[in-house]
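Heads up, the thing below is written out as structure tokens.
Proteins come first, then strands; the chains are lettered A, B, ... in the order of their sequence lines, and each starts at number 1. A quick note: this is a predicted structure, and the numbers were derived from the prediction, not measured.
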Amino acid sequence: MTIPTRFDHTEAAAKIADAWDAAGCAHAEPNPNKKPFSIVIPPPNVTGALHLGHGLNNTLQDILIRTKRMQGFEALWMPGTDHAGIATQAVVERRLKEQENKSRHDLGREALVKRIWDWKAQYETRILGQLKRMGCSCDWQRLRFTLDDVCAAAVRATFFDLFSKQRIYRGKRLVNWDTFLQTAVSDDEVFNETKKGHFWHIFYPVVDPKPGEPTRIEIATTRPETMLGDTAVAVHPDPESAFKKVGSELGEKLAAASSGEQEEIQEQIDALEQRSKEMLPLLVQLRDMALDGRKLLLPLVDREIPLIADEWAKPEMGTGCVKITPAHDPNDYEVGKRADLQMINILNPDGTLNSEAGTYEGLTIPKCRKKVVEDLEKLELLGDIEDREIELPHSDRSKTPIEPYLADQWFVAMAELAQSAMDAVTDDRVKIFPERYRKGYLDWLSEKRDWPVSRQLWWGHQIPIWAVGGITEAEAQAIESKLKAFPEYASGKIAERIDAEDAGTFAIFVCLRDEDVKLETKVQSLGLTRDADVLDTWFSSALWPHSTLGWPEKTPELEYFYPTSTLITSRDIITLWVARMVLMGLNNLGEIPFSEVFIHPKILDGNGEGMSKSKGNGVDPIDVIDKFGPDALRFGLARLATETQDVRMPVQYECPHCEKLIDQTKKNQSVPAVECPQCKKSFSTQWAESEADKSLPKGAVVSEKFETARNFVNKLWNAARFTLMNFDGYKPQSINVAELPLEDRWLLSRLSTVTRDVTEAIEHYHFAEASRILYDFAWNEFCSFYIEIAKPRLSDNALRGVTQSVIAHGLDTLLRLLHPIMPFVTESIWGFLNDAAPERGLANPVKAPRFVMTADWPVAEASHYNESIERQFNEFQEVVGAIRRIRSSQNIAPKEVVPVAIRCSQSSQSLLEPMRSYFQALTGADVVALGEHAAPFEIDAPLALTSLDIDVHVDLEKFIDVNAELSRLEKLRDQVVKQITGKEQKLSNENFVARAPEAVVLKERESLDDLKKQLQSVQSDIERLKQKLT
RNA sequence: GGGCGUUUGGCUCAGUUGGUUAGAGCACCUCGUUUACACCGAGGGGGUCGGGGGUUCGAGUCCCUCAACGCCCA
């Protein structure tokens, strides 16, 4: 059999994937003869391509699903993608602006949505391609998209149900308004940026001040233009105690502060006292004016607004008085609700001022601000202007400043839903691993904040509500009775409600359960129009575990695979997604969506920052696969994914000319082209814009962290290659394990343990541990010892057959265990193994299945585990190590065969006797004497393995380098002396001897005795050598 | 401000219920073309386990405290 020396993944992976596909290996069907195991993929956004974070997420899911499939479950991994409403619309809109200088309004809803579908098609293809190349064994026949018909039906049914139960309602709310995209964005889509700004002091005249009262009141603001929407000015209702409270808080802080901080806090206290002295009388007076109902005249718009008392006004901040703009500031909104203030919206959706702003109508916010300040100055109502750092919220999607904005929204009432999702976790129906993430989940849900689900977007599930407002109650009721006459009303497809509006008018809202154009037309003919908004993306992803299985239809898949088994995801969406899936699953089906959730770490770059395209540090799994192969990508990720640590992955550019890896730095990660320090040629990056840069070949972004994994793939490949090259004449035969030699039984014992540990590790989501166990076993035991020992056996006709059988069994088991982590290389080797040894196994060899992917998961054979065999083999390994250390310290060339004598007990002798020839294979030693009477050589290099009661001697007659030997022995002696000192100290401590468990003390004593013997022996060796010298 | 996490050799990380001399991979040094693998083999150097305090016969591991970094929430 000829096998290439390297695993050519580029050639092999595609063929293997095709073969799996053709055989339907990853397809799952409801199957009463098997237990189901199902996972839904966290659907990737079609906004962009996948990076290594997704690579990790999907690798772990695939490891689990492949393991379960091999374990005999009917294993379904449900794939799909997410429409990611705002994110996707935002990128398409931004491109539209950049490339054609058009807004979405230039295009219109239908045309824009079509463009987004085109974008989706392109990226979905790319994403699925990435997943497939990673080897993800999803059931591709069942692909879903959160905006497809099946998911849409689930969304409609859910919305209808919640609307009917009065759990969806309409209300006003101050939202984060993105003036560029002209939509509300959620808190999670907002980031704060500190910018330089000003703190403008402004005076509002008092209307009809009484004698002795101030004629104007000073307020300060960072956003002067919002004064146009002011409806009050607030002062604290009890400024004196407010000062005291802040003072005592600072006092406490001072008492607890370290000496370094004390000075600063003391300064704050002094300033506060000074301020209190100066300002308190005025603030008290203002408070009294507020209680007396004094009004102010709002400049520029000449509106009378009340002076009110509210705790939001902080005496210790600014002027102690605060303007209140309920429609444009979250805190002011709360004040407005408390004091029942008018709420005046001064903005148009595009961020320009509306008619409420009077003469300022039509200006943009910056222009308006400038003009307001100028006009106030003309009126001599402008005070100081301070420079100040301002935390300004920005939209994550459009990168433009967010405006707080009062808008009508649909809400999902969370009280009961959230409680149900909390209960599911507290009573362990849903288990979260690692457990510490429970807390965040429960804390977030316990706030039970209603969920605003309207998005003023075009890309998404349009809200299935038809409405008409501004009508009388009678008109609304007339429409209601017409609706009730529809046959669809009786069949439960229509729900409606009538709400009273602010202006004393009424509105009727109608929700339709199914997509039904005829019914929609009928409803519209009653004068109702459909809500233009779409639903928050998370509304549809919350349904993902059941919508993908066909709900609200009662499909066999839903029946069989729901609830799903495990969800694997990253921690940033525990609240946004995981919690909502739980509550929606409970609402829609009365059952949890999954019983276990595993939260995996994040992938960071070398600077500890999350990877993203916008930073330029994002790694495309495809680049890693191209360079290292899919198995190396997967193994590399799995190996790093431990329980507690995020994964730091230093990133390199790969020079496309010479393949040099160039560390990515803060500097070079954002430039359009990089010059390779090795070959001096340039290559382009993702930032290339100019024609010159674009014409350069592109440098892939990879990480050398995958080299280890790639090497491991190669190691495994070559171990198999060697094995299979020695399979000529293989015949299956029944093996009696009890009669096998030590090394075989050692291998089987180790396999038993490894199988048990790997199985357990995967089932507990300890993917890094599973990878490590397999790596260590495959490399350090299977290759370094078993195969090395097998070499002489394979060339011995008497032993060859048994050796082939055991090694075939070992390789077979190893391939099965490694397959979930490294599917391609294992499948490839499996094919060769099937050619060389189609029937294999120990007692009863049987024909192996065609694919390792669908082979049975190994069962840990408890009877093969044998502690004393492992201990004995360890003795052999120790002797091997000793010979190697001596050889190395003497610089004996590997091809030289050295005579070795091993003094040991009788029992060790009978153990090592059969291993004699393997010393030759592993260490180039000719064991000339073995047993109780094996003596040192004339010119001898000794090494005592005192704990085993073995002395190893190497004959140095031909090789002696006395100085090297002396320095080795002296170094050894120093080490031993150090250890002896430590132990003697420990044992002379009465407390230790008296209080430590007897076994520990005994162990220390024995080990001290051993060390002393070793010291003696080393000392006499040194003496002997020195005598030889003289 | 609250919560969670991290800090172990140059780098990336392991380290089970406290118990021999704290491990691995990469990098480094020495030697090596032994008929699987130089993406390899053999050997080696390198760590006051972030600082301080405590509990204990014994602390990388438990407790307190400080510091730095990261994430989430307000």
Side-chain angles (χ1 to χ4, degrees), chain A residues 3 5-7 187-188 249 258 260 434 436-440 443-444 447 570-572 574-575 601-602 604 606-610 628-629 632 636 639-650 663 703-726 766 768-769 772 775-776 779-780 783-784 787-788 790-791 795 880-881 883-897 920-924 947 968 971 975-976 978-980 982-983 986-987 989-997 999-1001 1003-1004 1006-1008 1010-1011:
Chain A
I3 304 174
T5 55
R6 300 263 170 90
F7 175 53
D187 292 344
D188 324 298
E249 277 168 9
S258 64
R436 73 186 117 94
Y437 292 112
R438 276 167 63 111
K439 188 172 162 49
D443 286 352
W444 186 82
E447 293 182 22
S570 80
R571 77 174 97 83
D572 33 359
I574 295 174
T575 52
K602 285 186 69 165
L604 310 174
N607 300 314
E609 294 182 27
F628 298 106
R639 194 175 64 97
L640 290 172
T642 57
E643 285 266 272
T644 50
Q645 289 266 77
D646 282 342
V647 178
R648 267 194 192 223
M649 186 155 299
D663 283 349
S703 175
E704 65 188 4
K705 287 285 149 199
F706 293 100
E707 275 180 12
T708 307
R710 187 264 322 265
N711 294 351
F712 181 48
V713 170
N714 179 251
K715 184 74 181 178
L716 182 72
W717 177 261
N718 273 289
R721 174 168 173 266
F722 168 77
T723 308
L724 297 171
M725 287 190 315
N726 286 284
H766 296 163
E769 200 190 350
R772 184 184 52 77
Y775 181 95
D776 290 346
W779 201 304
N780 300 328
C783 291
S784 295
I787 290 186
E788 289 307 319
K791 282 176 182 174
S795 50
V880 166
I883 299 171
R884 282 175 173 170
R885 283 198 293 279
I886 296 170
R887 286 191 67 123
S888 186
S889 69
Q890 289 292 318
N891 286 327
I892 299 171
K895 61 186 163 210
E896 301 282 2
V897 174
Q920 169 96 46
L922 270 76
T923 68
S947 62
R968 173 180 79 88
K971 207 171 113 191
Q975 276 176 1
V976 172
K978 223 161 103 185
Q979 287 173 52
I980 288 176
K983 294 220 183 279
K986 203 171 194 179
L987 282 163
N989 181 343
E990 278 175 34
N991 274 325
F992 172 69
V993 180
R995 301 200 189 190
V1000 173
V1001 179
K1003 213 161 141 193
E1004 288 295 306
E1006 279 173 4
S1007 134
L1008 179 61
D1010 285 345
L1011 285 166

(request) Please tell me which of the listed nucleotides, A36(B), U12(B), G43(B), lies nearest to the side chain of Met725(A)? (result) A36(B)
(request) Nearest-nucleotide wise, let me know which of Asn718(A) and Arg710(A) is further upstream toward the 5' end of RNA chain B. (result) Asn718(A)
(message) On the nucleotide G41(B), are OP1 or OP2 found under 4.0 Å from the side-chain N or O atoms that Trp779(A) carries?
(response) yes
(request) Could you work out the separation of U65(B) and A24(B) based on their P atoms and round it to a whole Å? (result) 36 Å
(message) Without decimals, in angstroms, what is the distance between Arg887(A) CZ and G43(B) P?
(response) 12 Å
(message) Quick check against the 3.5 Å criterion: does Thr723(A) have a side-chain atom that pairs as donor or acceptor with the backbone of Ala719(A)?
(response) yes
(message) Without decimals, in angstroms, what is the distance between Lys602(A) NZ and G70(B) C1'?
(response) 9 Å
(message) Output the rounded distance in Å from CZ (Phe722(A)) to P (C40(B)).
(response) 18 Å
(request) State which residues pass side chain to side chain donor-acceptor pair (under 3.5 Å) with Asn780(A); sequence neighbours excluded, sorted by chain then number. (result) none
(request) Determine the contact category for Thr708(A): base if any of its heavy atoms lies under 4.0 Å from a base atom, sugar-phosphate if only primed atoms, P, OP1 or OP2 are that close, otherwise nothing. (result) sugar-phosphate
(message) Please report the distance, rounded to the nearest Å, between CG in Asp572(A) and P in C71(B).
(response) 11 Å
(message) When you measure from the side chain of Arg887(A) to the backbone of Glu896(A), do you find a donor-acceptor pair of N or O atoms at a distance under 3.5 Å?
(response) yes
(message) Does Phe722(A) form a side-chain contact (heavy atoms from CB on, under 4.5 Å) with Lys791(A)? I'd like the steps, not just the answer.
(response) CA-CA 9 Å; Phe722(A) 168 77; Lys791(A) 282 176 182 174; 3.4 Å; yes
(request) Provide, to the nearest angstrom, the distance between the CG atom belonging to Asp443(A) and the C1' atom belonging to A74(B). (result) 12 Å
(message) If the condition is side chain to side chain contact (heavy atoms under 4.5 Å, CB included), which residues does Asp646(A) pass it with, not counting sequence neighbours?
(response) Arg571(A), Pro601(A), Lys602(A), Leu604(A)
(request) For U16(B) versus G60(B), give the span between their C1' atoms, rounded off to a whole number of Å. (result) 14 Å
(request) For Lys715(A), enumerate each residue passing the side chain to side chain donor-acceptor pair (under 3.5 Å) test, keeping only those at least two apart in sequence or located in another chain. (result) none
(message) Of the options C71(B), A36(B), U12(B), whose atoms approach the side-chain atoms of Arg571(A) most closely?
(response) C71(B)
(request) Kindly say if Lys715(A) contacts the phosphate of C40(B), meaning a side-chain N or O under 4.0 Å from OP1 or OP2. (result) no
(request) For the side chain of Glu788(A), starting at C-beta, report the closest nucleotide among C37(B), C13(B), C11(B). (result) C37(B)
(message) Without decimals, in angstroms, what is the distance between Asp646(A) CG and C72(B) C1'?
(response) 12 Å
(message) Main chain of Glu704(A), side chain of Arg710(A): is a donor-acceptor contact present, judged purely on distance under 3.5 Å?
(response) no
Polar atom pairs between nucleotides 4-10 of chain B and protein, under 3.5 Å, N or O only, would you list them?
unit_1 : atom_1 : unit_2    : atom_2 : d
U6(B)  : O3'    : Gln645(A) : OE1    : 3.2

(message) Could you tell me how far apart Asn714(A) (CG) and C37(B) (P) are, to the nearest whole angstrom?
(response) 10 Å
(request) Could you work out the separation of A68(B) and G10(B) based on their P atoms and round it to a whole Å? (result) 23 Å
(message) Below the 4.0 Å mark, does C39(B) have OP1 or OP2 next to a side-chain nitrogen or oxygen of Arg6(A)?
(response) yes
(request) Name all residues meeting the side chain to side chain contact (heavy atoms under 4.5 Å, CB included) criterion together with Gln920(A); count only those two or more places apart in sequence or in a different chain, and write none if there are none. (result) Val897(A)
(message) Test of understanding: with salt bridge (Lys or Arg N to Asp or Glu O under 4.0 Å), list the residues that count as partners of Arg438(A), not counting sequence neighbours.
(response) Asp428(A)
(request) Would you confirm whether Ser888(A), through its side chain, and Arg885(A), through its main-chain N or O, come within 3.5 Å as a donor-acceptor pair? (result) no
(request) Check every atom of A36(B), U12(B), A42(B) against the side chain of Lys705(A) and return the nucleotide holding the closest atom. (result) U12(B)
(request) Quote, to the nearest angstrom, the P distance that separates C49(B) from G23(B). (result) 14 Å
(message) Please classify the nucleic acid contact of Val647(A) as base, sugar-phosphate, or nothing, using heavy-atom distances under 4.0 Å.
(response) sugar-phosphate
(message) Among residues at least two apart in sequence or on other chains, which ones pass side chain to side chain contact (heavy atoms under 4.5 Å, CB included) with Arg6(A)?
(response) Asn714(A)
(message) To the closest 0.5 Å, what do you measure between OG1 (Thr923(A)) and CD (Glu788(A))?
(response) 11.5 Å
(message) Taking only the P atom of each, what is the distance from G53(B) to U12(B) in whole angstrom?
(response) 28 Å
Tabulated below should be each protein N or O lying under 3.5 Å from an N or O of nucleotides 20-24 of chain B; please produce it.
unit_1 : atom_1 : unit_2    : atom_2 : d
U20(B) : O3'    : Lys983(A) : NZ     : 3.2
U21(B) : OP1    : Lys983(A) : NZ     : 3.4
U21(B) : N3     : Gln979(A) : NE2    : 3.0
U21(B) : O4     : Gln979(A) : OE1    : 3.1
U21(B) : O4     : Gln979(A) : NE2    : 3.4

Could you go over nucleotides 28-31 of chain B and give all protein N or O partners under 3.5 Å, atom names and distances?
none

(message) Work out how far the P atom of C4(B) is from that of G44(B), and round it to whole angstrom.
(response) 44 Å
(request) Report the distance from atom CZ of Arg648(A) to atom P of C11(B), rounded to the nearest whole Å. (result) 10 Å
(message) For the OH atom of Tyr775(A) and the CG atom of Asn711(A), what is their distance to the nearest 0.5 Å?
(response) 7.0 Å
(request) Could you measure between the two C1' atoms, the one in G58(B) and the one in G46(B), and give it in whole Å? (result) 27 Å
(request) Could you check whether Thr642(A) gets within reach of a base, just the sugar-phosphate, or nothing at all, counting any heavy atom under 4.0 Å? (result) sugar-phosphate
(request) Would you kindly compare Leu604(A) and Asn711(A) by the position of their nearest RNA chain B nucleotide and give the one closer to the 5′ end? (result) Asn711(A)
(request) For Ser784(A), enumerate each residue passing the side chain to side chain contact (heavy atoms under 4.5 Å, CB included) test, keeping only those at least two apart in sequence or located in another chain. (result) Trp779(A)
(message) I'd like to check Trp717(A) versus Thr5(A) (side-chain heavy atoms, cut-off strictly below 4.5 Å). Are they in contact?
(response) no
(message) Between C63(B) and U55(B), how many Å separate the two P atoms, rounded to a whole number?
(response) 15 Å
(message) Just to be sure I follow the notation: if a pair is Watson-Crick (purine N1 to pyrimidine N3 plus N6-O4 or O6-N4) or a G-U wobble (N1-O2 and O6-N3), each under 3.5 Å, what dot-bracket string does RNA chain B give, with | for pairs to another strand?
(response) (((((((..((((.....[...)))).(((((.......))))).....(((((..]....)))))))))))).
(request) Using side chain to side chain donor-acceptor pair (under 3.5 Å) as the criterion, list what pairs up with Asp776(A), not counting sequence neighbours. (result) none
